Amino acid sequence: MEVLRADRKFKDFNYYNLKQDNYFLLPFKFHRLKNNKEVIVNEVGDFIIVDPGTVEKIVKRQVSKEDDEDLYANLLANFFISEERISPLIDVLATRYRTKKHFLNYFTGLHIFVITLRCEHTCFYCQVSRATENKDMFDMSIENIDRGIEYMLRSPNPHVTMEFQGGEALLAFDRIKYAVEKAEVETSKVGKGLTLVVCTNLAVVNEEILQYCKEHKILISTSLDGPKHVHDHNRHKPRASSYEFATNGINLAREILGHDQVSALMTTTKYSLDYPIEIVEEYFNRGFSGIFLRNISPYGFALRTEKTKYETAKFLEFYKVALNKVLEFNLNGTYFTEDLAKIFLQKMITPFGVGYVDLQSPAGLINGVIVYNYDGSVYCTDESRMLAEQADFTFKLGTLENSYEELYFGDKAMEISEVWANEALTGCSECAFQQYCGADPVHNHATQGNMYGYRPTSDFCEKNMSVIEYLLELMDENPEIKEIFEGWVAPRTH
Ligand code: SF4
């Protein structure tokens, strides 16, 4: 029996050039949702959810101006089809594309200084902290701080963020003070904007430190994994409750710095998976305006034992329950966001891109973020230096002894740049969600053994695709939720 195979070869030019009575096709991709509807997405991320069979109808030029008036107008207005071979509005489309990729205009904005590796916590998922008092061995030297600041100033970005990480960054508060004061002077000399952030578990914070933060407009970013039993399970502080330190610290920091100057991040561990509602409620009840539901990095120390591993599918179940809880607050009239959804939604329903380094194409590493480690080594991202803690130096760009050019434009940067655009990766290049998603060579390398990655078994892909699908389905099924999502990404005036 003859087996019929779909012909996937490119047709000749005239096939694509054919107007066939009514319109030309502009580039777009499509995806079938779980409810069987189809979503079509154009080159700038505009999407339309259509009935099953519509994509085929569009491609076969069977959408009629008269019989399918609304659909035709929608396709035309949103750059899916054109009545001219080259749309007279092609420049508008080009401008919109540039707006979406605006984050590339200024190059590296986030400069992470791993000011110390020392820490007084012993969290099981932490890959970098060292419980030691040996300052000289694990604190960043003054020379390296100076050099890091010099490179931060070389960035063409008119506004840079200097973020202090650890270990527990506040254990090296003397170094932070030195770095802050030096960076303030140097950035003001060249007229660069400067945002300062300290990432801390708040265990050693005190009024004096916070007064200093207030004086220097330093933002506090802390970790809060959920209610006490979840947080203390995940984040271990010998002979004490990490949760008590975190929550007391949040209260004190809000009192001194102001409510909005303190943010918190959570990490979902295997233990957390059973408590989606309680975790969301913890953030809501503590007066945060949202929560960022983050899965644990699926590699490294964090998942070195079966006990701590979990599948992406489990996270997705957790995520949906938690997101539904977040939506419940909104449906009852309170603004409260989920930040992973918010990042995707901003790309889906606004003309703007998002400078979130983990979901960018070209990827955020080097383009958006760089890490100066305590020992003078320089890495592409925080995850890259975590790999180095396990003796994997694939993403080490060099050291602060190297020149700016060698670090930012050297052989390693060139090698990574070949795989950092999802537009050019197999699987992503034809994916409808390409504009919403990103490329992550570090994740690919760590989980699949090479920077290029393989989408069908990628948990990065599985997570992003499922969350985007879920957001689209929610918007399609419930206009009230669509309105809530639009509210999350609308410019806020207060
Ligand atoms: S990683 Fe997956 S969801 Fe993201 S663009 Fe690539 S194929 Fe699409």
Side-chain angles (χ1 to χ4, degrees), residues 8 27-35 37-49 55 97 100-101 103-104 292-299 311-317 319-320 323 338-350 352-365 367-368 380-381 383 416-476:
R8 302 195 62 188
F28 68 86
K29 303 179 181 71
F30 79 101
H31 183 95
R32 197 180 307 285
L33 298 172
K34 295 219 169 48
N35 59 12
K37 286 198 174 173
E38 295 164 351
V39 59
I40 53 175
V41 186
N42 70 10
E43 287 292 277
V44 291
D46 296 334
F47 71 90
I48 309 176
I49 298 174
V55 171
Y97 193 83
K100 283 276 175 177
K101 299 288 183 184
F103 59 86
L104 284 175
F292 193 159
L293 298 164
R294 299 188 318 154
N295 59 318
I296 206 161
S297 296
Y299 50 88
E311 289 172 358
T312 306
K314 290 276 173 218
F315 173 77
L316 290 165
E317 274 171 34
Y319 180 84
K320 287 180 186 176
L323 181 64
E338 194 292 303
D339 291 347
L340 177 62
K342 200 172 150 185
I343 289 164
F344 286 130
L345 291 164
Q346 186 156 353
K347 297 181 184 203
M348 293 159 84
I349 55 185
T350 80
F352 308 108
V354 183
Y356 176 64
V357 294
D358 291 350
L359 282 172
Q360 275 181 208
S361 177
L365 47 90
N367 293 306
C380 300
T381 58
E383 289 74 19
I416 300 167
S417 71
E418 288 178 13
V419 292
W420 72 16
N422 67 3
E423 286 86 347
L425 295 178
T426 308
C428 302
S429 64
E430 59 268 31
C431 173
F433 302 152
Q434 180 196 91
Q435 288 300 318
Y436 311 143
C437 194
D440 195 340
V442 181
H443 190 104
N444 293 343
H445 167 82
T447 58
Q448 299 189 307
N450 66 75
M451 289 188 208
Y452 193 93
Y454 177 62
R455 259 47 66 190
T457 55
S458 157
D459 49 34
F460 175 82
C461 177
E462 184 186 357
K463 183 186 93 175
N464 293 338
M465 195 174 277
S466 302
V467 172
I468 295 166
E469 265 179 356
Y470 189 55
L471 297 174
L472 286 164
E473 283 160 11
L474 285 172
M475 285 192 276
D476 187 46

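These numbers come from a predicted model, not from an experiment. Note that ligands are numbered from 1 as they come in the structure, with each ligand's atoms numbered from 1 the same way.
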Asker: Are side-chain N/O atoms of D459 and H443 paired as donor and acceptor at under 3.5 Å?
Answerer: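 The criterion, which ignores hydrogens and geometry beyond distance, is satisfied for H443 and D459.
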Asker: Regarding Y319 and S466, do their side chains bring together a donor and an acceptor under 3.5 Å, going by distance alone?
Answerer: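 No.
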Asker: Examine the side chains of Y356 and Q346 and answer whether a donor and an acceptor come within less than 3.5 Å of each other.
Answerer: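 Short answer, no.
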Asker: Leaving waters out, which protein N, O or S atoms fall under 2.8 Å from atom 8 (Fe) of ligand 1?
Answerer: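 Protein N, O or S atoms closer than 2.8 Å to atom 8 (Fe) of ligand 1: C431 SG.
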Asker: So E469 and H31, side-chain hydrogen bond (donor to acceptor under 3.5 Å, both in side chains) or not? Walk me through it.
Answerer: CA-CA 9 Å; E469 265 179 356; H31 183 95; 2.6 Å; yes
Asker: Indicate whether any N or O donor in one side chain lies under 3.5 Å from an N or O acceptor in the other, for S361 and Q434.
Answerer: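 No, no side-chain donor-acceptor pair sits under 3.5 Å.
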Asker: Identify, with sequence neighbours excluded, every residue that meets ring-ring contact (aromatic ring centres under 6.0 Å, His included) alongside Y470.
Answerer: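 With sequence neighbours excluded, Y470 shows a ring-ring contact (aromatic ring centres under 6.0 Å, His included) to no residue whatsoever.
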